[in-house]
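Below: the structure, in structure tokens.
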Amino acid sequence: MNKDSAIGVFDSGIGGLTVLQKIIELLPKENTIYLGDTARAPYGTKSVETVLRYSFENSEFLVEKGVKLLVVACNTSTAIALDRLRSSLEVPVIGVIEPGATKALDVTKNKKIGVIGTEATIQSGAYTKALRAKDLKVEVYSRACPLFVPLVEEGWTDNAVVEMTVKVYLGSLKQSGIDTLILGCTHYPLLKKAVRKFLGDTVCLVDSAEEIAKEVGSVLKKDSLVRKNGGGSHSFFVTDAPDRFVKVGQRFLGEKVESAVRIER
Ligand code: DGL
């Protein structure tokens, strides 16, 4: 492992590209390797044991590739597996929940914070724990929004169905008087416009991707692993046929995914 080693990023599928996008934007010299477990997504509806096993398998693949740092871009994997990954892997491991929680506490004024995510993420209580660990006075209102992932995957981010779904899921959060909402799932940043339209400008939307990229930068610096020369190269691996990943990837990454290699699971 050295400065030229890549940053490894994994997600249950395609959504983690929103996190990778911010890492590439902030750290353009770094090489990255992304693994999307497209054959086994979604994770958000699966059991704790299954998400744990998948998360370990994904991490092992990236560690074998010689990554210098591992980013768990999936909120569900972070909620369930982060602590165990950290204690059993030798590379630094960064998850999405803590950076999001820290940012939310920075911006909230009334200490009423909403959290939305997959069923598994919300059920784990990981965001509530992370928020309360830093501030006992904070009030946390959480809501699972399982239909958001398939809507985004379908490319539906701004139509009448999305508006209706947002209204049903976020109606009670709006009533609770939150001034901050954590978008606790890789797919939700793509629904920002619809969520903002429903909640209004007074609620601050926290998308942890940017915070994670900053955290990656500071961990690399601390460990003297920052890559200084050249432009980074980016490779992509998936566990199912790559066609859909390549086709839909641009929506999440903001630039074209040139190709992806399929690995067998
Ligand atoms: N990547 C997942 C997350 O951030 C969303 C998709 C899934 O359920 O696998 O929680």
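Each ligand, and each atom within it, is numbered from 1 in the order the structure gives.
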Atoms of ligand 1, numbered as shown, that sit under 4.0 Å from any heavy atom of [X]:
{"X": "Tyr43", "answer": "7 (C), 8 (O), 9 (O)"}
{"X": "Asp11", "answer": "1 (N)"}
{"X": "Ser12", "answer": "1 (N), 2 (C), 6 (C), 7 (C), 9 (O)"}
{"X": "Gly44", "answer": "7 (C), 8 (O), 9 (O)"}

Spacing of Asn58 atom CG and Cys74 atom SG [to the nearest 0.5 Å]:
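One gets 9.0 Å once the value is rounded to the nearest 0.5 Å.
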Identified side chain to side chain contact (heavy atoms under 4.5 Å, CB included) partner of Leu191 from the options Val152, Asp158, Ile116
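Exactly one candidate clears the test, Val152.
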Cation over ring face, Lys174 and Phe198, 6.0 Å, 45°:
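Geometry flag: set, cation within 6.0 Å and 45°.
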Is Thr186 close to ligand 1, meaning an N/O of one under 3.5 Å from an N/O of the other?
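Checking ligand 1 against Thr186, an N or O pair does fall under 3.5 Å apart.
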Hey, do the aromatic rings of Phe237 and Tyr34 have their centres closer than 6.0 Å?
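Centroid separation for Phe237 and Tyr34: 6.0 Å or greater.
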Decide whether the shortest distance between a heavy atom of Gly117 and an atom of ligand 1 is less than 4.0 Å.
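Outside the 4.0 Å threshold, so no.
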Specify the protein heavy atom at minimum distance from atom 10 (O) of ligand 1: its residue, its atom name, and the distance to 0.1 Å.
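Ranked first by proximity to atom 10 (O) of ligand 1 is Thr76 OG1, 2.7 Å.
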Where does Asn75 meet ligand 1, judged by heavy-atom distances below 4.0 Å: at the side chain, the backbone, both, or neither?
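Under 4.0 Å from ligand 1, Asn75 contributes backbone and side-chain atoms.
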Assign the ring pair Phe245 / Phe236 to parallel, tilted or perpendicular, where the plane angle (0 to 90°) is split at 30° and 60°.
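Ring orientation of Phe245 relative to Phe236: tilted.
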Please verify the inter-ring angle class for Tyr43 with Tyr54; under 30° counts as parallel, over 60° as perpendicular, anything in between as tilted.
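Correct class here is tilted.
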